[in-house]
Amino acid sequence: MNLTASYKYQLMDHKNAIIIFYAVFAVLFLLSLTFLATSTSLVVTDGEESLETYWEGGGQSQVSGIEAAGVIFLFVMGLCTFKEPFKMLAQNGVSRKTLMAGKLLTMVSVAAFMAVADKLIGLGLALLSRMSGQHIIYRTLYESVYPGRAGEVSAAGFQAESFLYAFVLYLAAMAAGYFLTLLFYRLPKGGKIAVGVGVPVFVMVYPLMDLLLTGGQVSMALMQLIYRLFGAALPAIASFFGCFLLLMLVCWLLMRRAVVRA
């Protein structure tokens with residue numbers, strides 16, 4: 001089985017889930033638009049009461065957060081798309097290198113498709129707004145996180161940056177999910193329990209220990225590092241892409257000697 005077959009097989013793992021994701025978004029959007037754009041009145045005719053619903057033009061609704069939902073969706077997809085493809089492809093003689101290459105191509109394809117789809121949704125909502133008379137505001141995650149960036153670059157440059165931001169963010173989300181599932185796949189039972197228990201305990205205990213031992217200096221240093229990496233638009237794009245590359249490198253090291261388990 002060559003790289004093309006490996007890529008197609010892994011891509012099919014995402015196809016139906018992506019269709020369902022955007023179908024749910026479309027249904028929820030149409031329902032919210034209907035509730036916002038219609039009014040219900042109590043009408044009394046010959047002593048009988050009835051409810052009448054009518055379209056109310058000129059309303060306003062705001063759509064945002066689809067990229068945030070996409071990040072969660074793709075993180076979960078990363079969690080769910082290792083074990084079965086790994087078993088299937090390994091049992092059919094596919095090398096670890098070919099499997100990883102196919103996975104990388106799948107991630108790039110899915111991230112690019114969803115980033116483009118989000119842009120098309122924005123254009124479609126703008127067109128719908130003009131056609132229906134409704135004031136529909138669509139804000140991307142990039143616009144919400146970096147609102148001042150639009151005034152610093154051209155409109156075309158801002159849209160290009162917004163696309164790249166969504167693209168690398170989706171890549172990083174998938175890589176994070178894939179890394180976690182590979183890590184737990186490779187860990188022995190005791191290691192899984194240690195990580196599962198240790199991480200929540202560390203998260204709860206760390207702030208208190210940092211406050212008592214260093215006066216919160218470690219937390220402040222971490223916050224400053226996060227701000228330097230993600231506080232501005234272009235560094236954030238580079239940082240998310242760097243996270244993707246680093247996580248997939250670790251995934252490759254974990255996958256190289258992974259064995260097929262029942």
Side-chain angles (χ1 to χ4, degrees), residues 7 10-11 13-30 32 61-81 103-129 136-180 226-249 251:
Y7 164 64
Q10 295 188 74
L11 187 63
D13 258 5
H14 297 73
K15 180 181 177 181
N16 291 336
I18 292 173
I19 293 173
I20 293 172
F21 173 79
Y22 282 108
V24 170
F25 169 79
V27 170
L28 292 176
F29 170 72
L30 291 174
S32 64
S61 59
Q62 180 168 319
V63 180
S64 60
I66 185 172
E67 289 100 339
V71 168
I72 298 172
F73 165 75
L74 289 175
F75 174 75
V76 175
M77 287 297 296
L79 290 172
C80 301
T81 52
K103 184 60 180 180
L104 289 171
L105 289 174
T106 299
M107 287 179 165
V108 170
S109 300
V110 170
F113 172 81
M114 291 187 63
V116 170
D118 293 344
K119 281 298 171 188
L120 293 178
I121 288 172
L123 294 174
L125 291 176
L127 179 61
L128 180 61
S129 177
I136 303 171
I137 302 173
Y138 175 72
R139 291 178 62 87
T140 64
L141 183 63
Y142 189 69
E143 291 175 275
S144 300
V145 176
Y146 308 105
R149 186 60 178 169
E152 300 174 358
V153 294
S154 65
F158 183 80
Q159 293 302 322
E161 288 181 6
S162 178
F163 168 80
L164 285 175
Y165 182 81
F167 175 66
V168 297
L169 185 58
Y170 288 158
L171 286 175
M174 283 187 284
Y178 202 65
F179 162 71
L180 286 177
I226 292 172
Y227 181 77
R228 288 178 183 176
L229 294 175
F230 303 102
L234 296 182
I237 292 173
S239 297
F240 279 124
F241 187 63
C243 289
F244 164 71
L245 294 178
L246 179 61
L247 286 169
M248 293 311 295
L249 175 60
C251 286

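Inter-residue side-chain proximity for Met248 and Met107 is flagged as met; some heavy-atom pair is nearer than 4.5 Å. Within the 4.5 Å cutoff, side-chain heavy atoms of Met114 are placed close to those of Leu74. Looking at Ile20 and Phe25, their side chains never come closer than 4.5 Å, going by heavy atoms from C-beta outward. Tyr7 has its side chain out of reach of Lys103: every pair of non-hydrogen atoms, C-beta onward, lies at least 4.5 Å apart. The shortest distance between side-chain heavy atoms of Leu169 and Leu141 falls below 4.5 Å. A heavy-atom distance below 4.5 Å is found between the side chains of Tyr142 and Glu161. Phe113 places a side-chain heavy atom less than 4.5 Å from the side chain of Ile18.
Ring geometry for Tyr165 versus Phe240: interplanar angle over 60°, hence perpendicular rather than tilted (30 to 60°).
Proximity of a side-chain donor or acceptor of Ser239 to a complementary backbone N or O of Phe230 within less than 3.5 Å is not detected. Judged by distance alone, with hydrogens and angles left aside, the side-chain atoms of Gln10 form no donor-acceptor pair with the main-chain N or O of Thr106 at under 3.5 Å.
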Could you pull out every donor-acceptor pair under 3.5 Å between side chains of residues 115-123 and any protein atom, sequence neighbours left out?
unit_1: Asp118; atom_1: OD1; unit_2: Tyr22; atom_2: OH; d: 3.1
unit_1: Asp118; atom_1: OD2; unit_2: Tyr170; atom_2: OH; d: 2.5
unit_1: Lys119; atom_1: NZ; unit_2: Gln159; atom_2: OE1; d: 2.6
unit_1: Lys119; atom_1: NZ; unit_2: Ser162; atom_2: OG; d: 3.0

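Under the 6.0 Å cut-off for aromatic ring centres, Phe167 and Phe241 do not qualify, their centroids lying 6.0 Å or more apart.
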